Amino acid sequence: MITHPAIDDYIAGLVPERSELLARLEKEAAAENIPIVQLPAAQVMRMLLLLHRPQSILEVGTAIGYSTIWLAEAAPEARIVTLDIDEERLTRARANVAEAGVQDRVEILLRDATLGLPDTYQFDCLFIDAAKGQYRAFLDLYLPLLREGGLVISDNVLFRGLVATPEEATKRQRPMIDKLQAFNKHLVEHPELETTFIPVGDGLAVSLKKEKESSSKQSEVDSAWMPNRKGI
């Protein structure tokens with residue numbers, strides 16, 4: 001948890017009541033230690049999608065379909081492709097997505113996300129929530145499939161706050177923390193992305209894929225307004 005527990009509980013308590021299905025999945029995930037997006041972060045994602053209105057979404061990391069249903073409800077016109085390598089969880093995800101009534105818009109693939117997808121796929125939004133040590137690989141694979149102006153939402157990027165205090169990580173956690181730190185740095189330095197970090201849930205990174213024309217125009221504007229420092 002990266003915020004004060006009382007604040008986290010307070011924000012979670014303000015999230016509108018979910019469907020019985022989502023509430024049940026939250027209990028199942030807690031009982032079985034299945035990682036799902038935390039409730040305050042899910043609500044932020046919902047707001048982002050309501051504002052952005054994507055027509056196509058790629059989710060890397062399906063688990064039992066909890067976040068898939070959040071995405072489908074927040075973007076009612078979007079088609080969703082979601083990937084996972086856990087066959088048992090995907091069986092449950094298919095049943096949950098069908099129960100939510102969004103199965104006609106969701107393509108669930110049993111696939112190693114590090115293998116990528118054909119470039120015939122194009123998306124307006126990319127949600128990354130799978131193996132934390134592979135985030136950089138996922139971004140490199142799927143950013144080319146994201147249309148200009150598209151969103152990249154990455155979950156767990158602050159990982160219990162340990163990215164800020166890596167000395168508190170266990171020996172087993174440290175390699176993953178190092179990779180998350182490198183991933184976060186890569187996000188802010190990536191020439192195609194504009195990124196901000198939101199300390200909610202376990203940490204969200206929200207990135208916008210820049211439009212090339214507007215980026216070049218901004219560079220021209222910056223150059224035109226750059227003060228002549230000669231003689232200063």
Side-chain angles (χ1 to χ4, degrees), residues 15-16 18-19 21-22 25 36-84 90 93-94 96-98 100-109 111 113 116-130 135-157 183 187-188 190-198 200-215:
V15 175
R18 280 83 62 213
S19 65
L21 171 60
L22 286 176
L25 294 182
I36 60 172
V37 63
Q38 294 183 27
L39 191 54
Q43 184 63 19
V44 171
M45 287 169 46
R46 175 179 171 81
M47 181 61 68
L48 290 169
L49 296 186
L50 288 172
L51 291 169
H52 194 65
R53 297 183 180 179
Q55 298 296 303
S56 54
I57 301 172
L58 172 61
E59 178 185 36
V60 180
T62 314
I64 56 175
Y66 176 76
S67 55
T68 313
I69 296 169
W70 269 95
L71 295 171
E73 291 183 350
E77 298 179 0
R79 297 195 62 82
I80 300 170
V81 176
T82 182
L83 314 171
D84 208 297
L90 282 189
R94 289 189 180 94
N96 292 329
V97 165
V102 296
Q103 69 274 17
D104 291 343
R105 296 191 288 117
V106 178
E107 181 180 1
I108 299 176
L109 301 178
R111 184 175 178 86
L117 286 170
D119 58 12
T120 50
Y121 284 95
Q122 293 288 305
F123 302 99
D124 303 312
C125 179
L126 167 62
F127 176 48
I128 302 176
D129 189 21
Y135 272 25
R136 171 67 184 270
F138 298 148
L139 183 71
D140 291 347
L141 279 169
Y142 300 116
L143 187 60
L145 304 184
L146 188 70
R147 297 183 180 93
E148 292 180 8
L151 283 180
V152 182
I153 304 173
S154 309
D155 193 24
N156 304 113
V157 295
F183 174 72
L187 285 177
V188 298
H190 199 294
E192 294 184 72
L193 298 174
E194 183 78 26
T195 298
T196 191
F197 296 89
I198 305 176
V200 64
D202 202 26
L204 287 178
V206 182
S207 308
L208 182 72
K209 187 173 183 179
K210 300 174 184 177
E211 297 182 14
K212 292 179 182 178
E213 184 178 351
S214 63
S215 296

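Worth knowing before you read on, the calculation uses all heavy atoms, side chains too, and leaves out hydrogens, waters and symmetry mates. Keep in mind that this is a model prediction, so the values were computed, not measured.
- With contacts defined as side-chain heavy-atom distances shorter than 4.5 Å, the pair Tyr66/Leu71 does not qualify.
- Note that the CG atom of Leu193 and the CG atom of Leu151 stand 10.5 Å from one another [nearest 0.5 Å].
- Looking at Asp119 and Pro144, their side chains never come closer than 4.5 Å, going by heavy atoms from C-beta outward.
- Of the possible polar contacts, none joining the Arg111 side chain to the Thr82 backbone as a donor-acceptor pair under 3.5 Å is found.
- Note that CG of Leu25 is 5.0 Å distant from CD1 of Ile64, once rounded to the nearest 0.5 Å.
- No side-chain donor-acceptor contact under 3.5 Å links Asp124 to the backbone of Pro54.
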Residues Thr68, Ile108; criterion side chain to side chain contact (heavy atoms under 4.5 Å, CB included); working and verdict: CA-CA 10 Å; Thr68 313; Ile108 299 176; 5.7 Å; no
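- Using modelled atom types, no side-chain atom of Tyr142 and backbone atom of Glu59 make a donor-acceptor pair closer than 3.5 Å.
- Looking only at side-chain heavy atoms (C-beta outward), Gln43 and Leu39 stay at 4.5 Å or farther from each other.
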Test side chain to side chain contact (heavy atoms under 4.5 Å, CB included) applied to Ile57 and Leu49, step by step: CA-CA 10 Å; Ile57 301 172; Leu49 296 186; 4.2 Å; yes
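- Under the 3.5 Å distance criterion, the side-chain polar atoms of Ser56 are matched with a main-chain donor or acceptor of Gln122.
- The CG atom of Leu187 lies 5.0 Å from the CZ atom of Phe197; values are rounded to the nearest 0.5 Å.
- Taking 4.5 Å as the limit, every side-chain heavy atom of Phe127 sits out of range of all side-chain heavy atoms of Leu48.
- One finds the CD atom of Glu77 at 9.0 Å from the CZ atom of Arg105 (value rounded to the nearest 0.5 Å).
- In Arg147, the CZ atom is crowded: over 12 heavy atoms of neighbouring residues, nucleotides or ligands sit closer than 6.0 Å.
- Annotation: side chain of His190 is not in contact with side chain of Thr195 (no heavy-atom distance under 4.5 Å).
- Without hydrogens or angle criteria, Arg79 side chain to Asp104 main chain gives a donor-acceptor distance under 3.5 Å.
- The minimum heavy-atom distance linking Ala113 with Leu141 is given by the pair O-CD1, 3.5 Å.
- Pairing each heavy atom of Gly201 with each of Pro40, the nearest pair is N-CB, 4.5 Å.
- In this structure, Ile153 and Cys125 approach most closely via the heavy-atom pair CD1-SG, 4.3 Å.
- Between Arg94 and Gln103 the shortest side-chain heavy-atom distance does not fall below 4.5 Å.
- Judged by distance alone, the side chain of Asn156 and the main-chain N or O of Asp202 form no donor-acceptor pair under 3.5 Å.
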Candidate pair Asp140 and Tyr135, rule side chain to side chain contact (heavy atoms under 4.5 Å, CB included), full reasoning: CA-CA 9 Å; Asp140 291 347; Tyr135 272 25; over 6 Å; no
CA sep, side-chain torsions, deciding dist, call: Asp155, Leu204, side chain to side chain contact (heavy atoms under 4.5 Å, CB included): CA-CA 5 Å; Asp155 193 24; Leu204 287 178; 3.4 Å; yes
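- Between Glu107 atom CD and Leu83 atom CG the span is 9.0 Å, to the nearest 0.5 Å.
- For the atom pair CD (Glu192) and CG (Leu146), the distance works out to 9.5 Å, reported to the nearest 0.5 Å.
- Put simply, the side chain of Val206 does not reach to within 4.5 Å of the side chain of Val44, judged on heavy atoms.
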